Amino acid sequence: MGKIKLVALDLDGTLLTDAVTLEPRAREAIRRVKDQGVIVTLATGRMFSSARPYAVELGLELPLIVYHGAQVRHSGTGAVLFERTIPRYLALVLIKKIKEFNYAYNVYWDDRLYVERIQAENEEYAWRAGVEVHQVEDMAALLEQQPQGPLKIVALNEGPALNPLEAAIRQEVGDSIYITRSLPTYLELLHPEVNKARGLQALAELEGIRPDEIMVFGDSYNDVQMFRYAGLAVAMANAPAEVRAAADYVTGSNNDGGVAQALEKFILQEGA
């Protein structure tokens with residue numbers, strides 16, 4: 001592993017506490033890491049508009065990896081540096097399949113969240129993400145009006161209830177779509193070339209940084225590809241066992257300053 005030049009941080013369950021706030025010790029550690037010349041960014045499944053306020057709070061004026069890597073977008077200028085959308089015909093298939101299960105779902109265009117029916121799951125998602133919900137009468141009709149397919153589609157329900165939907169989607173479209181979960185209750189569907197590692201690679205190439213010079217943090221299955229790409233992968237103590245096993249190091253939980261603990265150990269070299 002080379003000297004760390006880039007740190008990529010997941011948000012929910014990692015940098016954010018369960019109360020969806022920045023953990024104070026992590027905020028201070030990030031400031032000190034940046035003072036050493038290390039680039040710090042966010043790598044999240046969230047929308048750009050949902051991630052950007054945290055970047056502003058942390059003073060991160062640089063490209064952010066959002067929508068699980070489907071988009072890399074500059075936090076200051078809003079310029080899109082990389083993007084992959086779901087093909088229109090596949091989006092229609094996915095929406096139809098989710099509606100067969102009668103589950104709540106979100107669709108994303110132009111950094112806006114669209115729904116057909118506002119259900120409790122949509123409202124909870126919007127609250128957590130801090131974004132507005134835009135209701136439309138006919139999602140398929142809206143899709144036909146767009147110049148390209150959506151960045152992401154998310155089905156919302158209890159984790160076990162989403163399993164048969166995931167199986168049905170895999171049977172219907174196979175590897176034509178990337179399926180992941182940022183939380184157990186969010187079944188997230190994206191372009192097949194998309195994952196956080198691909199977004200991180202796009203950013204690293206822009207900055208001239210090698211994979212072995214990158215440190216990443218995460219807590220869920222959507223972080224595992226990023227773990228494999230980076231030189232140093234850190235899982236949170238609150239991550240599932242399979243995610244912890246994929247990491248190089250397991251730190252404290254998101255509520256107990258886990259991000260700060262690992263930054264202090266590996267970059268600030270305190271208590272090493």
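Computation of the quantities below employed the complete heavy-atom set of this structure, encompassing side-chain atoms and omitting hydrogens, waters and symmetry-equivalent molecules. Treat the numbers as computed from the prediction; the structure is a model and nothing was measured.
- In this structure the side chain of Val154 never reaches within 4.5 angstrom of the side chain of Leu189, judged on heavy atoms.
- Hydrophobic clustering (ILVMFWY, side-chain heavy atoms < 4.5 Å, transitive): Ile95 and Leu90 are in one cluster.
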Listing, residues 223-231 side-chain donor-acceptor contacts under 3.5 Å, not counting sequence neighbours, or none:
{"residue": "Asp223", "atom": "OD1", "partner": "Lys196", "partner atom": "NZ", "Å": "2.7"}
{"residue": "Asp223", "atom": "OD2", "partner": "Asp219", "partner atom": "N", "Å": "2.9"}
{"residue": "Asp223", "atom": "OD2", "partner": "Ser220", "partner atom": "N", "Å": "3.0"}
{"residue": "Gln225", "atom": "NE2", "partner": "Tyr178", "partner atom": "OH", "Å": "3.3"}

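- Cluster membership for Ile86 and Met47, using ILVMFWY side-chain heavy atoms within less than 4.5 angstrom, is not shared.
- Side-chain contact check for Tyr114 versus Val133: every heavy-atom pair is 4.5 Å or farther apart.
- Under the salt bridge (charged side-chain N to carboxylate O under 4.0 Å, His left out) criterion, Asp175 pairs with no residue, sequence neighbours left out.
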Would you list the atom pairs, donor with acceptor, under 3.5 Å between side chains in residues 61-68 and any protein atom, with sequence neighbours excluded?
{"residue": "Tyr67", "atom": "OH", "partner": "Asp111", "partner atom": "OD1", "Å": "2.7"}
{"residue": "His68", "atom": "ND1", "partner": "Asn222", "partner atom": "ND2", "Å": "3.1"}
{"residue": "His68", "atom": "NE2", "partner": "Glu188", "partner atom": "OE1", "Å": "2.6"}

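- With contacts defined as side-chain heavy-atom distances shorter than 4.5 Å, the pair Met139/Tyr105 qualifies.
- At least one side-chain heavy atom of Leu94 sits less than 4.5 Å from a side-chain heavy atom of Ile177.
- Checking side-chain atoms of Arg52 against main-chain N and O of Gly76 turns up a donor-acceptor pair under 3.5 Å.
- Here the CG-OG1 distance, from Leu9 to Thr41, works out to 8.5 Å after rounding to the nearest 0.5 Å.
- By the 6.0 Å contact criterion, CD on Glu124 is enclosed, its count of non-hydrogen atoms from other residues, nucleotides or ligands being greater than 12.
- Salt bridge Asp110/Arg112: absent, no basic N to carboxylate O contact under 4.0 Å.
- A side chain to side chain donor-acceptor pair (under 3.5 Å) with Asn254 holds for exactly one of Asp10, Asp18, Asp12; it is Asp18.
- Going from atom CZ of Phe101 over to atom CG of Asn157 covers 10.5 Å, rounded to the nearest 0.5 Å.
- Every residue two or more places apart in sequence or in another chain that forms a salt bridge (charged side-chain N to carboxylate O under 4.0 Å, His left out) with Arg170 is listed here: Glu166.
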Verdict with supporting geometry, Leu81 and Leu203, side-chain contact (heavy atoms from CB on, under 4.5 Å):
CA-CA 9 Å; Leu81 307 176; Leu203 174 58; 5.8 Å; no
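- Val216 is not listed as a side-chain neighbour of Val234, based on a closest heavy-atom distance of 4.5 Å or more.
- By the side chain to side chain contact (heavy atoms under 4.5 Å, CB included) test, Glu83 is found to be paired with Gln71, Val80, Thr85, Gln148, Leu151, residues two or more places apart in sequence or in another chain being considered.
- Residues satisfying the side chain to side chain contact (heavy atoms under 4.5 Å, CB included) criterion with Glu193, sequence neighbours excluded, are Arg84, His191.
- Under the 4.5 Å side-chain heavy-atom criterion for Ile, Leu, Val, Met, Phe, Trp and Tyr, Trp109 and Val136 are members of the same hydrophobic cluster.
- A donor-acceptor pair under 3.5 Å links the side-chain atoms of Tyr103 to the main chain of Ala161, judged by distance alone.
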Which pairs would a plain distance check flag for residues 241-252, meaning a side-chain donor or acceptor within less than 3.5 Å of a matching protein atom at least two apart in sequence or in another chain?
{"residue": "Glu242", "atom": "OE1", "partner": "Tyr221", "partner atom": "OH", "Å": "3.4"}
{"residue": "Arg244", "atom": "NH1", "partner": "Ala239", "partner atom": "O", "Å": "2.5"}
{"residue": "Asp248", "atom": "OD2", "partner": "Ala233", "partner atom": "N", "Å": "2.8"}
{"residue": "Thr251", "atom": "OG1", "partner": "Gly258", "partner atom": "O", "Å": "2.6"}

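- Judged by distance alone, with hydrogens and angles left aside, the side-chain atoms of Glu144 form no donor-acceptor pair with the main-chain N or O of Ala141 at under 3.5 Å.
- Taking CG of Leu11 as the reference point, atom CZ of Arg128 lies at 11.0 Å (rounded to 0.5 Å).
- Between Arg46 and Val131, every side-chain heavy-atom pair lies at or beyond the 4.5 Å cut-off.
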I'd like to know whether Leu42 forms a side-chain contact (heavy atoms from CB on, under 4.5 Å) with Leu15, so could you lay out the CA-CA distance, the side-chain angles of the two residues, the decisive distance to 0.1 Å, and finally the verdict.
CA-CA 9 Å; Leu42 305 178; Leu15 184 58; 3.9 Å; yes
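- With respect to the salt-bridge test (charged N to carboxylate O, under 4.0 angstrom), the residues Lys99 and Glu116 qualify.
- Remark: Gln135 engages Val115, Ile118 in a side chain to side chain contact (heavy atoms under 4.5 Å, CB included) (not counting sequence neighbours).
- In this structure, the side chains of Leu60 and Lys34 come closer than 4.5 Å at one or more pairs of heavy atoms.
- A salt bridge links Arg25 with Glu264; the closest basic N to acidic carboxylate O contact falls under 4.0 Å.
- More than 12 heavy atoms of other shown residues, nucleotides or ligands fall within 6.0 angstrom of atom CD in Gln36.
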One pair to check against side-chain contact (heavy atoms from CB on, under 4.5 Å): Leu6 and Val38. What are the steps and the verdict?
CA-CA 6 Å; Leu6 170 62; Val38 177; 5.8 Å; no
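- Hydrophobic clustering of Ile, Leu, Val, Met, Phe, Trp and Tyr side chains at less than 4.5 Å, counting indirect connections, keeps Phe48 apart from Ile153.
- The salt bridge (charged side-chain N to carboxylate O under 4.0 Å, His left out) test applied to Glu57 returns Arg27, not counting sequence neighbours.
- In this structure, the side chain to side chain contact (heavy atoms under 4.5 Å, CB included) partners of Ala19, at least two apart in sequence or on a different chain, are Thr17, Thr21.
- Remark: Lys5 NZ to Ile267 CD1 distance equals 13.0 Å, nearest 0.5 Å.
- Put simply, the residue from Ile4, Leu268, Ile39 that forms a side-chain contact (heavy atoms from CB on, under 4.5 Å) with Val33 is Leu268.
- Pairing each heavy atom of Ala55 with each of Ser75, the nearest pair is CB-CB, 4.2 Å.
- Counting only residues at least two apart or in different chains, ring pair (Phe, Tyr, Trp, His ring centres under 6.0 Å) contacts with residues 148-169 are absent.
- Separation of atoms CG (Leu162) and CG (Leu187) is listed at 5.5 Å; rounding is to 0.5 Å.
- For the pair Arg181 and Tyr186, the cation-pi criterion (under 6.0 Å, within 45° of the ring axis) is not fulfilled.
- Judged purely by distance below 3.5 Å, without hydrogens or angles, the side chains of Glu123 and Gln119 never pair a donor atom with an acceptor atom.
- We find the CG-OG1 distance between Asn238 and Thr14 to be 6.5 Å, quoted to the nearest 0.5 Å.
- Within a 6.0 Å sphere centred on CZ of Arg88, heavy atoms belonging to other residues, nucleotides or ligands number more than 12.
- Glu100 is linked by a salt bridge (charged side-chain N to carboxylate O under 4.0 Å, His left out) to Lys97, counting only residues two or more places apart in sequence or in another chain.
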